[in-house]
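What follows is a set of notes on a single structure, which appears directly below.
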Amino acid sequence: MICLGIESTAHTFGIGIIDSNGFKVLANEKATFTTNEGGIRPIKAAEHHILFFDMILQKALESAKIKLEDVDLIAFSQGPGLGQCLRIGAVAARTLALGLKKPIIGVNHCIAHVESGKITSGFKDPVTLYVSGANTQILALASGRYRVFGETLDIGIGNFLDSFGRVLGIGFPAGPKIEELASKGEKYLELPYTIKGMDFSFSGILTKVEQLVKSKKYSTEDLCYSVQETVFAMLTEATERAIAHIDKEEVVITGGVASNQKLCGMLKTMCSERNVKFAAVPRPLATDNGAMIAMTGILMHKAGLKNKISETNINPYQRTDQVDVVWCK
Ligand code: AMP
Ligand code: MG
C-alpha cells in the first residue's frame, strides 16, 4: 500500500510518500516558512502553504516515481497546531481523497513524531523525548495511550530557542544557528535550572538570558553555550528520571530539536551509563515532515481506522494523551 501524508501544522508544508512494505520512504518533500528576523505569523505561514502545495506535490510524486493514481491512502496532520495552517493541509487532503476516491485518515502530529522514531529505531516500547517547536514531552505507552510522564510547564524547547534567537536577532528557526554559535562558546554563565520532578519550564530562563544579552557584557557564543548546557541538562535529567520510574530500556529522541548533536550526545551518555538503548530519529524525519504522517496513517489504517469526510475537521488543541493508540498491541 502507498500512503501520501500531508503535514501543515505550523511552519512546514510537507508531503511524504511511504510504501507500507517496510515503511520505505519513497518521497519526503517540504517547504518551510522562514524569516530573517522575527517569528512566525500564522496567516503568513498559511499563505506559504497554499503557494507551495502544488510544487511540493509534484516534487514528491517525481521523487517517488509514482502517479497520483498509485496512492492508496491519504493521511494528514489533523492537530495540534495553528488553525490557519492546519486548515490548508486538511483541505488539500480532502480534495485529494475525494478526487481520487481513496480513504482519508487524520493523524495526531505529535504521535506521528513518536511513531516515526519507533519505526526508524526499531524499538518496541521506548520512552520518547519529543522536542519540537511548540511541544516538549516525555512520552511512553501505558494502557493504550501515549501518556505524558513529563512536559514543559510553559513554552516548548524549540520555541524557547527561537525566542532566544529573536533576542539575538538571528531569525527563524534559531535552533541550528544557536547550536553552531554554542560550539564556539567556552565560558558557562549560570542560568536558572527549572525542573520539577519530570516537568520543566523555560520562560524564566528566557527572561534571564534576555537580561544578559541586553547587558552587552557577554559574548553571543558564551550565551548560546550556557543556554544549551542548561536546558539540555534539564531534559536529560527528566528523561533519566522517567526511565528509572517506569522501568523502560529504550530511549528515542524525536522532533526538530532532535537534530541537535549536543542534546543527542548528552542523552547517549546518560543512556549508556544506565545500560539503556538510545536512538535519534534521522534528520529528514526530525523537523516537521509528511513522511511521518504517512507512516502513522499506515499504522492506523492497518488497525482498521478510517475517517468519513465529516470527521476530518482540524483539531488544533488535541493532546497526545487523548488519542487511543489502538494500533499498538
Ligand atoms: P518541529 O516543530 O518539530 O518542526 O521543530 C522545529 C524546531 O526545531 C524549531 O524550533 C527549530 O529551532 C528547532 N531546531 C531545528 N534544528 C535544531 C538544532 N540543530 N538544534 C536545536 N534546535 C533545532
Ligand atoms: Mg512537530
Side-chain angles (χ1 to χ4, degrees), residues 5-14 16 28 30-36 38-40 42 45 48-49 76-82 85-86 89 107-117 128-137 139 146 151-152 155-168 170-183 185 202 206 224-225 227-232 234-236 252-267 280-293 295-296 315-316 318-320:
I6 300 178
E7 162 56 33
S8 76
T9 51
H11 44 71
T12 296
F13 184 83
N28 192 18
K30 56 182 147 178
T32 301
F33 175 76
T34 57
T35 66
N36 291 326
I40 320 181
H48 164 271
H49 297 350
F76 72 102
S77 260
Q78 198 166 10
L82 304 171
C85 297
L86 282 168
V107 170
N108 177 287
H109 171 92
C110 310
I111 289 182
H113 276 294
V114 174
E115 295 299 355
S116 60
T128 299
L129 175 61
Y130 165 40
V131 277
S132 70
N135 300 285
T136 307
Q137 293 179 325
L139 301 161
Y146 286 114
E151 68 182 320
T152 177
I155 50 176
I157 178 77
N159 285 357
F160 161 79
L161 292 170
D162 295 332
S163 303
F164 172 45
R166 251 192 328 266
V167 180
L168 296 175
I170 58 176
F172 171 86
K177 293 172 199 161
I178 292 172
E179 179 171 20
E180 199 194 320
L181 288 162
S183 69
F202 302 112
L206 186 60
C224 290
Y225 169 73
V227 160
Q228 283 209 156
E229 291 295 319
T230 306
V231 295
F232 294 164
M234 285 161 47
L235 293 175
T236 305
V252 173
I253 179 172
T254 191
V257 186
S259 302
N260 189 291
Q261 292 310 301
K262 178 77 205 179
L263 175 56
C264 288
M266 283 179 167
L267 288 163
V281 77
R283 232 166 225 261
L285 294 176
T287 42
D288 292 350
N289 65 89
M292 68 178 190
I293 304 301
M295 286 176 174
T296 311
N315 219 336
Q318 187 179 53
R319 271 180 64 85
T320 314

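Ligands are counted one by one from 1 in listed order, and the atoms in each one are counted from 1 as well. The analysis underlying the following values was restricted to heavy atoms, covering all of them including side chains, and did not include hydrogens, waters or symmetry mates.
A distance of 5.5 Å separates OG of Ser116 from CG of Leu285, quoted to the nearest 0.5 Å. Atoms OG1 and CD, from Thr254 and Gln137 in turn, are 12.0 Å apart once rounded to the nearest 0.5 Å. Here CD of Glu115 is found 11.5 Å from CE of Met292. Values are rounded to the nearest 0.5 Å. Rounded to the nearest 0.5 Å, atoms NE2 (His49) and OG1 (Thr9) are 7.0 Å apart. Rounded to the nearest 0.5 Å, atoms CG (Leu263) and CG (Asn260) are 5.5 Å apart. Atom CG of Asn289 is separated from atom OG of Ser77 by 9.0 Å, given to the nearest 0.5 angstrom.
Take the Mg ion (ligand 2) as the corner point: the lines to OD1 of Asp288 and to NE2 of His109 open at 100°, to the nearest 10 degrees.
In summary, the atoms of ligand 1 found under 4.0 Å from a heavy atom of His11, numbered by their order in the structure, are 1 (P), 2 (O), 4 (O), 6 (C). Listed by atom number, the atoms of ligand 1 under 4.0 Å from Glu179 heavy atoms are 18 (C), 19 (N), 20 (N). Interface atoms of ligand 1 facing Asp162, defined by a heavy-atom separation under 4.0 Å, are 9 (C), 10 (O), 11 (C), 12 (O). Heavy-atom proximity to Gly158, at under 4.0 Å, picks out these atoms of ligand 1: 10 (O). Close contacts between ligand 1 and Pro173 involve ligand atoms 11 (C), 12 (O) [criterion: under 4.0 Å to a heavy atom]. Close approach of ligand 1 to His113 (heavy-atom distance below 4.0 Å) involves ligand atoms 3 (O). Listed by number with element, the atoms of ligand 1 under 4.0 Å from a non-hydrogen atom of Leu161 are 21 (C), 22 (N).
Using bins of under 30°, 30° to 60° and over 60° for the plane-to-plane angle, the ring pair His109/His113 lands in the perpendicular bin.
The protein non-hydrogen atom at the shortest distance from atom 1 (P) of ligand 1 is Asp288 OD1, 3.4 Å. For atom 13 (C) of ligand 1, the closest non-hydrogen atom on the protein side is Val257 CG2, 3.8 Å. The protein heavy-atom contact nearest to atom 2 (O) of ligand 1 is Gly133 N, 3.0 Å. Distance from atom 20 (N) of ligand 1 to its nearest protein heavy atom, with residue and atom name: Asn260 ND2, 3.0 Å.
Taking 2.8 Å as the criterion, His113 counts as a coordinating residue of the Mg ion (ligand 2), since one of its N, O or S atoms falls below it.
Considering backbone and side-chain N/O of Thr287, none are found under 3.5 Å from N/O of ligand 1. For ligand 1, none of its N or O atoms has an N or O atom of Ala134 under 3.5 Å away. Distances between N or O atoms of Gly175 and those of ligand 1 include at least one value under 3.5 Å. For ligand 1, the polar-atom distance check finds no N/O of Arg283 at less than 3.5 Å from any of the ligand's N/O atoms.
A side-chain contact (heavy atoms from CB on, under 4.5 Å) with Tyr146 is found for exactly one of Thr128, Asn108, Ile111, namely Ile111.
Between Phe232 and Val131, every side-chain heavy-atom pair lies at or beyond the 4.5 Å cut-off. Phe160 is listed as a side-chain neighbour of Val227, based on a closest heavy-atom distance under 4.5 Å.
In this structure, Lys262 falls outside the shell of residues with a heavy atom less than 4.0 angstrom from ligand 1. Under a 4.0 Å heavy-atom criterion, Gln261 is not in contact with ligand 1.
Between atom 3 (O) of ligand 1 and the options Cys264, Gly256, Cys110, Gly14, the minimum heavy-atom separation is to Gly256.
Under a cut-off of 6.0 angstrom, the local environment of NZ in Lys262 is sparse, with at most 12 non-hydrogen atoms contributed by other residues, nucleotides or ligands.
Asp162 contributes a side-chain N or O that, together with a main-chain N or O of Ala174, makes up a donor-acceptor pair within less than 3.5 Å.
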